Amino acid sequence: MYMKQLDQAFAALADPTRRGILVHLARGEATVNDLVALFHLTQPTISSHIKVLESAGLISRSRQAQMRPCKLEAKRLQEVTKWLSKVQEVWEGKYTRLDALLAELKQAQKEERKK
Amino acid sequence: MKPAEVSTPSDREVLVKRSFDAPVNLVWQAYTDPALMRRWLTAMPGWSMPVCEMAVHVGGKYRWRWRFEESGQEFGFIGEMLEVVLHSKISHTQIYDPGDQGGSMGAEPSIVTVTFVEVNGTTNVETSIKFASQSDRDAAMSTGMTDGMEMSYQSLDVVLAG
């Protein structure tokens, strides 16, 4: 289930408009109308982006207020970015080990030349 | 050296850039000699690499397999060399073999291309992983064997931290 949610979040984050919406919501709540005005897109387009972000758990919409403002689910987004930086650490960890190996090879080559 | 730079230049691609403080002939050796590969490719503590076979010529096959000693869980990669240019470029197909580790990277092989460029004793290495489709790439990212951190994700992080 966790992996499926990650897949959904990645798919949601793959679109530049949706990332833009998240950046905007990071500053505060906004209604669909606010976003329509801000992004110069039609209301159905914004609504479909909102639906994708909502089903990925990246935003939520208030049930009470009439305009149903959108709110960033920062915790969910942090989970995704945290996971991504973890994977990057794996790459960097590998490369750090390669750095050490290369330093060793360089030293061995130097000593070989001295002989 | 600056930490690895990871980007997603297209829907089905992941690009990793990193520089190494060593001449290209040594970097090449570390990338192609199984005894040296084992030294740095073992992904995490507790893991070993019981299989590391390389046939570094066009049409040659390779086989890598990792094992988590504590549980005996294994996974690996297999593929075939498409292009080999000494001290400059290796391109190969890559198929993920989940073993009993699980996860998926799609059924179609991905294409991995590693290029090496030496400038004043520093070697710049670029690794491009091209998946058969966007969903394969996303599945691979979820499996955790590759990475697609975009600048925009980082800028989101900055916004969230502030």
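Per chain, numbering begins at 1; letters A, B, ... match sequence-line order. These numbers come from a predicted model, not from an experiment.
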* Which of residues 25-33 of chain B get closer than 4.5 angstrom to chain A, counting heavy atoms alone? -> Asn25(B), Leu26(B), Val27(B), Ala30(B), Tyr31(B)

* Does Tyr96(B) share a hydrophobic cluster with Val51(B), counting links as ILVMFWY side-chain heavy atoms below 4.5 Å and allowing steps through other members? -> no

* If every non-hydrogen atom of Arg39(B) is compared with every non-hydrogen atom of Arg97(A), which pair is closest and at what distance? -> O-CD, 3.9 Å

* Asked: Judged by atom type as modelled, is there a donor-acceptor pair below 3.5 Å linking the side chain of Glu92(A) to the main-chain atoms of Pro3(B)?
  -> no

* Asked: Do Phe77(B) and Tyr95(A) belong to the same hydrophobic cluster, where Ile, Leu, Val, Met, Phe, Trp and Tyr are linked whenever their side-chain heavy atoms lie under 4.5 Å apart, directly or via other members?
  -> yes

* To do: Consider only side-chain heavy atoms of I, L, V, M, F, W and Y, link residues closer than 4.5 Å, and tell whether Val52(A) and Leu25(A) are in one cluster.
  => no

* Asked: When hydrophobic residues are tied together by side-chain contacts of less than 4.5 Å, even through go-betweens, does Ile50(A) share a cluster with Leu58(A)?
  -> yes

* **Interface moiety of Thr127(B) toward chain A, non-hydrogen atoms closer than 4.5 Å** => side chain

* Joint hydrophobic cluster, Leu82(B) plus Ile129(B), side-chain heavy atoms closer than 4.5 Å -> no

* Asked: Counting heavy atoms not belonging to Arg63(B), are there more than 12 under 6.0 Å from its CZ?
  -> no

* **Passing candidate, side-chain contact (heavy atoms from CB on, under 4.5 Å) with Trp40(B), options Asp99(A), Leu98(A), Leu102(A)** => Leu98(A)

* Compare every heavy atom of Arg18(B) with every heavy atom of Thr96(A), then report the nearest pair and how far apart it is. => N-NH2, 4.1 Å

* In residues 37-44 of chain A, which residues are in contact with chain B at a heavy-atom separation under 4.5 Å? -> none

* Report yes if the side chains of Leu105(A) and Leu36(B) come closer than 4.5 Å at any heavy-atom pair, otherwise no. => yes

* **Sidechain-backbone polar pair: Lys106(A) side chain, Pro23(B) backbone, donor-acceptor under 3.5 Å** => no

